[in-house]
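Predicted model, so just to flag it, every value in this text is computed and none were measured. In what follows, chains are A, B, ... by sequence order, proteins preceding strands, each numbered from 1. Reckoned from all heavy atoms, side chains included, excluding hydrogens, waters and symmetry mates.
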Amino acid sequence: MSHGPICTRFAPSPTGYMHIGNLRTALYAHLLAKTTGGRFIVRIEDTDQVRLVEGAVDVILDTLRMTGLSYDEGPIVGGPNGPYVQSERKDIYRQYADQLVAKGYAYYCFCTQERLQEMHDENGIGGYDRHCRDLTPEEVQQHLDRGEPYVIRQKMPLSGTTTYYDEVFGEITMDNAEMQDQILLKSDGFPTYNFAHVVDDYLMQVTHVVRGSEYLTSTPKYVLLYDAFGWQRPHYVHLPLLMGRSDDGKISKLSKRHGAVSFQDLVNSGYLPEAIVNYIALLGWCPKDTNREMFTLDELRECFSIDAISKSPSVFDYEKLKWFNSEYIKQMDPARFAAAARQRLQDCTPAHVDLDKLIGLLQSRVATLDEVVEMSRFARERLPLDTELYTNKKNKTTPELCRTILEDVRPLLADCAVWENTALFELLKEYAAATERKAGAIMWAVRIAVARQGVTPGGATEVMEVLGKEEALGRIDLALEELNR
RNA sequence: GGCCCGAUGGUCAAGAGGUUAAGACACCGCCCUUUCACGGCGGUAUCACGGGUUCGAUUCCCGUUCGGGUCACCA
């Protein structure tokens, strides 16, 4: 591939949340650097003063910390080529923009925003007529003397083509005539992304630019900038986009309208960072020579490679994420799961409920931590019960049969000295044997009566144990009352 | 609309000039079982279309179609 150590960067703008597509970009950039023992840099691209969001940098850094995407240089930790926040590098960009103007690769533009607006067509697709491209130095000076606001634009070649090589997509060629004289330095003195990232990537010695493929067609403009400065172009690694399907079935770049698309959203609804990382790693990349799907970050660092990155976009599938998450929950250290579950349950669970037992039943049955709450509703309240639930084809139960069973079993349970799963199980089995009834039928009747919901975490005796003797018996009484009505 | 990119089941995907075209999720069925879940076994379903090149194309080339991206003082 390439010679010398690889250096990649993750350069998000602080929007206040970490989009899952951005996280995948960060992951790949991190992996590419780390598989080869290279450097990974984090740089904050906050040149849009209008869209600044308070605390947004923390969101980014917290996400990287939670996912384990460690970086060698970046905000707070610093590094040899800092600062790593673009708003703190304002002077640097101006200096390089001036250099470009002096070399004839950029020029001052004094056109008003109103004038620019007028050139946009009905679809808002604009063009700039290069009105100021050929202003004489005297004219420029006159405007400047009048104190008029200005921007600095890149002077694109008017003919010919520009070609660059992308590590994923191969050779990309664009007609120079397609490229606008894009703005490098805005009238507020801040650079645009188009300019700032080129300067920074050069100064920070980034060797591989990893980013989404939405930049595929604007990259020729950036390589022209490298050429103008006389800098060596970096390697480009454009990633296939992450897509979402909206209600009308249309597929497009994953965005908020597709649901929870930020890392924080997913974590808040009970997804584990490890599961999220594992899933998104496989969206657009596939390990060589293996069918394996479960990967820790360390394992990914060992087998990641650019040539296994796919070219075609992939649709984000919440079902598959859920599956990964359930696998990770099952593998979770029980104590850690218990802590997470307890946090969600303790405030809404009545005192008579054996929370530890309940949590123990839950771990192998939930796909997300949030499901812990929904799945234990039965323990929290006496749900409205449809008598038809007593009817079960397989166990051949009917409401009438269940009533008989419950009447029989109620005194036996009341006499039960040790209110514990195994003892209760034995008791009910003895009763089944004595009456020559199917154990399944007994269990069904009892489970429905005490849980009052069709799907429960655990069987009849486990449910009873969780509820405690008093509540369980109370519910059997209630069930009998309802069945005798 | 111009330009750029892409196309293997519903989704993620492996694959290769000759294969019974892997695997995973989802779905369906069966088994296990104390319900549910877990687990086990099995099943339905894919190479967008048309031309070439070739003994042979899903794989290579061209076109079409479809999908996506992009054309900002946003990144």
Side-chain angles (χ1 to χ4, degrees), chain A residues 11-13 15 45-48 50-51 109 111 113 116-117 120-121 123-128 149-153 166 169-170 172-175 177-180 182-188 190-194 196-197 211-220 238 240-241 243 245 250-253 279 282-293 308 310-324 326 330 361-367 375 392 394-395 425 428-429 432 438-444 446-448 451 453-463:
Chain A
S13 57
T15 57
E45 311 223 320
D46 59 347
T47 56
D48 186 352
V50 183
R51 301 205 304 188
C109 169
C111 293
Q113 302 219 27
L116 264 20
Q117 274 307 324
H120 287 198
D121 66 14
N123 301 318
I125 295 176
Y128 171 61
Y150 64 91
V151 300
I152 292 179
R153 288 182 182 271
D166 182 84
F169 290 90
I172 306 288
T173 299
M174 292 284 286
D175 286 331
E178 290 287 328
M179 305 177 204
Q180 308 243 349
Q182 64 179 354
I183 292 172
L184 268 19
L185 211 64
K186 299 184 266 190
S187 55
D188 63 2
F190 279 89
T192 58
Y193 167 83
N194 304 319
H197 91 272
R211 64 178 29 148
S213 67
E214 65 262 41
Y215 291 102
L216 213 49
T217 53
S218 42
T219 298
H238 285 103
L241 261 18
M243 313 298 277
R245 193 191 297 278
K250 288 252 192 295
I251 290 174
S252 57
K253 204 157 76 159
Y279 175 57
L282 265 22
L283 243 31
W285 172 81
C286 185
K288 295 272 185 208
D289 308 318
T290 175
N291 258 333
R292 198 151 62 106
E293 289 198 293
S310 156
K311 286 198 236 280
S312 47
S314 31
V315 177
F316 191 91
D317 181 2
Y318 289 91
E319 287 302 323
K320 184 85 186 234
L321 204 216
K322 228 176 193 176
W323 176 78
F324 272 105
S326 69
K330 273 175 236 159
L361 295 174
L362 255 12
Q363 186 164 4
S364 67
R365 288 163 232 257
V366 294
M375 205 169 265
N392 178 262
K394 197 174 144 198
N395 289 309
F425 182 62
L428 291 183
K429 248 177 45 180
K438 260 186 84 172
I442 314 299
M443 300 303 174
W444 185 273
V446 174
R447 190 180 66 88
I448 296 301
Q453 81 182 18
V455 177
T456 54
T461 56
E462 287 162 323
V463 169

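Residue contacts for S187(A): at a heavy-atom cut-off of 4.0 Å it reaches a base atom on one of the strands shown. Using a 4.0 Å heavy-atom criterion, one finds that G212(A) contacts no nucleic acid atom at all. Across all strands, L428(A) comes closer than 4.0 Å to no nucleic acid atom at all (heavy-atom distances). Note on Q113(A): a base of the nucleic acid sits closer than 4.0 angstrom, heavy atoms only. At a threshold of 4.0 angstrom between heavy atoms, the contacts of Q182(A) with the nucleic acid are absent.
Using cut-offs of 30° and 60° on the angle between ring planes, the pair F324(A) and Y279(A) is tilted.
Residue-to-nucleotide contacts include no donor-acceptor pair under 3.5 Å from the side chain of K311(A) to the base of A7(B). Evaluation of atom-type donor-acceptor distances gives no pair under 3.5 Å for the side chain of R365(A) against the base of C38(B). In terms of polar N and O atoms assigned as donor or acceptor, the side chain of K253(A) never comes within less than 3.5 Å of the base of U70(B) in a complementary pairing.
Without hydrogens or angle criteria, K186(A) side chain to T47(A) main chain gives a donor-acceptor distance under 3.5 Å.
For the OP1/OP2 pair of C66(B) and a distance below 4.0 Å, the side-chain nitrogens and oxygens of K250(A) include no atom meeting the criterion. For T15(A), no side-chain nitrogen or oxygen approaches OP1 or OP2 of A75(B) to under 4.0 Å. For C74(B), one of the phosphate oxygens OP1 or OP2 lies less than 4.0 angstrom from a side-chain nitrogen or oxygen of K186(A). OP1 and OP2 of C4(B) both lie 4.0 Å or more from every side-chain N or O belonging to S213(A).
If you check G39(B), A75(B), G6(B) against the side chain of S13(A), the one that comes closest is A75(B). The nucleotide whose nearest atom lies closest to any side-chain atom of V315(A) is, among G6(B), U11(B), A13(B), U11(B).
For the side chain to side chain contact (heavy atoms under 4.5 Å, CB included) with M375(A), the lone residue among T456(A), L361(A), V366(A) that qualifies is V366(A).
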